[in-house]
Amino acid sequence: MKEPRRLATVIALTTWLGALAVVFCNACVTSVDSGATSPLALPDKDQFITQGVGVFMEKRCGALDCHGQIGRPLRIYSSNGLRKNDGPNGARDTSGTTAAEQTANYFSVVGLEPEQISVSRVSEGVYDDFLLLKKPLSLEGGGVRHKGGPVLRSTDSGFDCLISWISGAANKAKCEDGATQ
Amino acid sequence: MDSTLFKLVALGFAAVFVSCSDPVRDQAIERLGGEDPRVAQGPEHRPGQPCVLCHSDGGPASNHKFAVAGTIFETSAPDAKGAEGVKVLFVDAASAMRNYDTNAAGNFFIPESEWADLTFPFKVGLLKDGKQIPMMSTVNREGSCNFCHRPNPGSTYAIRGDDPRSSIGQIFVANAAAGAKP
């Protein structure tokens, strides 16, 4: 009497495991599309690096007690903050911010909400509906909760720096001014 | 049966109490290592280590909570002497100002009770022998200066497994004209 019951249990377990395997495999197959391309209209990388947007972000956001930390979603590298690599002999890298770090910062910034930034750029004018521009502002000033509190006003040069870059023509003077405020 | 029930309830309470600790903080404190037997636990202990880690709510020194604390060394060398008598000046986001002097170990600390309404970010600078050394950036949310300015490698108080990529190095005052890094 015991044997048929054990057999039934084994069959039931096998069926369940098989079903689970099918579900997982399907999930894997349908969630990956290696041929997909992203038609996102992201802000320009060269402008980010050459027009001072990156430096502004390094100085105003990239301190070691803010976004200059490994665990931050918006991670910012800089010469005076988090370094991407060690220096010689495992010591701290004391060189200026490297090209690799500047590039990583760019992808960190545009990767925060790539679709939303892209949509805002395509809509040509509505640039204030994503985290990059909402996080730095106070709640009263149209921002959202930011653990570091409000760090910019919409009238600050730094805010103009970000807006100008996103709109396609980064204003270097504003970025430089914003970095020192 | 009563005994089993009692054990289960006791186990439940134990689980709740254990889960109240902060494993991230506990691990960070463990990495600081033990006390230096040559230095009594007090204002001059653990120079260079992040003070507020322990001196804050939930920390093992929460009976002496600090708003801000740190260490100034004479030079950038490992185990450099603490810089005594350096005036550390603060201006917070609400324009409140404070200044404190470093002790013989180079340590300084502002008890939380003396600046309960400290508003981040704040600016800080040093005054040593009439020379001003302002910090280049603001302090945004961390009360331990030594969280970012950790002891340089090779120091007695260097943190175990420290990652030099995330420390700008200890604060020092020597060669200020050549670019000290407070």
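Proteins get letters first, then strands, A, B, ... in listed order; numbering begins at 1 in each.
Grouping the Ile, Leu, Val, Met, Phe, Trp and Tyr side chains by contacts below 4.5 angstrom, directly or via other members, places B:Ile29 apart from B:Tyr157. Both B:Val88 and B:Ile171 are part of a single hydrophobic cluster, where members link through side-chain heavy atoms under 4.5 Å apart. When the side chains of ILVMFWY residues are joined at heavy-atom separations under 4.5 Å, either directly or via intervening members, B:Phe109 and B:Phe73 end up in two distinct hydrophobic clusters. A:Ile166 and A:Leu74 fall within a single hydrophobic cluster, where Ile, Leu, Val, Met, Phe, Trp and Tyr are joined by side-chain heavy atoms under 4.5 Å apart, directly or via other members. In the hydrophobic clustering of this structure, B:Leu127 does not group with B:Phe90; members are Ile, Leu, Val, Met, Phe, Trp, Tyr whose side-chain heavy atoms approach within less than 4.5 Å, directly or through other members.
Using a 4.5 Å cut-off on side-chain heavy atoms (C-beta onward), B:Ser166 and A:Ile70 make no contact. Two residues are said to be in side-chain contact when any heavy atoms from C-beta on lie closer than 4.5 Å; B:Arg141 and A:Cys66 meet this criterion. Under the 4.5 Å side-chain criterion, counting only non-hydrogen atoms from C-beta, A:Asp93 is not in contact with B:Arg165. A:Asp86 has its side chain within reach of B:Pro164: a pair of non-hydrogen atoms, C-beta onward, lies under 4.5 Å apart. Contact of the B:Glu142 side chain with the A:Leu64 side chain is not registered, since no non-hydrogen atoms from C-beta on lie closer than 4.5 Å.
Residue B:Phe147 touches chain A through its side chain alone, counting heavy-atom pairs closer than 4.5 Å. Residue B:Ser167 touches chain A through its backbone alone, counting heavy-atom pairs closer than 4.5 Å. In this structure, the portion of B:Asp163 lying under 4.5 Å from any heavy atom of chain A is its side chain and not its backbone.
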key: Candidate pair B:Asn152 and A:Arg92, rule side-chain contact (heavy atoms from CB on, under 4.5 Å), full reasoning   = CA-CA 10 Å; B:Asn152 286 340; A:Arg92 181 178 169 82; over 6 Å; no
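Remark: B:Arg31 CZ is packed, more than 12 non-hydrogen atoms of other residues, nucleotides or ligands lying under 6.0 Å away. Heavy atoms of other residues, nucleotides or ligands lying less than 6.0 angstrom from CD of B:Gln132 number 12 at most.
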Donor-acceptor contacts under 3.5 Å from residues 101-114 of chain A side chains, at least two apart:
residue: A:Glu101; atom: OE1; partner: A:Arg83; partner atom: NH2; Å: 2.8
residue: A:Glu101; atom: OE1; partner: A:Thr98; partner atom: N; Å: 2.9
residue: A:Glu101; atom: OE1; partner: A:Thr98; partner atom: OG1; Å: 3.4
residue: A:Glu101; atom: OE2; partner: A:Arg83; partner atom: NE; Å: 2.9
residue: A:Glu101; atom: OE2; partner: A:Arg83; partner atom: NH2; Å: 3.4
residue: A:Glu101; atom: OE2; partner: A:Lys84; partner atom: N; Å: 2.9
residue: A:Thr103; atom: OG1; partner: A:Ala99; partner atom: O; Å: 2.9
residue: A:Asn105; atom: OD1; partner: A:Tyr77; partner atom: N; Å: 2.7
residue: A:Asn105; atom: ND2; partner: A:Tyr77; partner atom: O; Å: 2.8
residue: A:Asn105; atom: ND2; partner: A:Glu101; partner atom: O; Å: 3.4
residue: A:Tyr106; atom: OH; partner: A:Pro43; partner atom: O; Å: 2.5
residue: A:Ser108; atom: OG; partner: A:Arg75; partner atom: N; Å: 2.9
residue: A:Ser108; atom: OG; partner: A:Arg75; partner atom: O; Å: 2.9
residue: A:Glu113; atom: OE1; partner: A:Leu131; partner atom: N; Å: 2.7

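In this structure a side-chain-to-backbone donor-acceptor pair under 3.5 Å is present from A:Asp65 to B:Asn140.
Taking A:Lys147, A:Lys59, A:Gln69 one by one and counting their heavy-atom pairs under 4.5 Å with chain B, the maximum is reached by A:Lys147.
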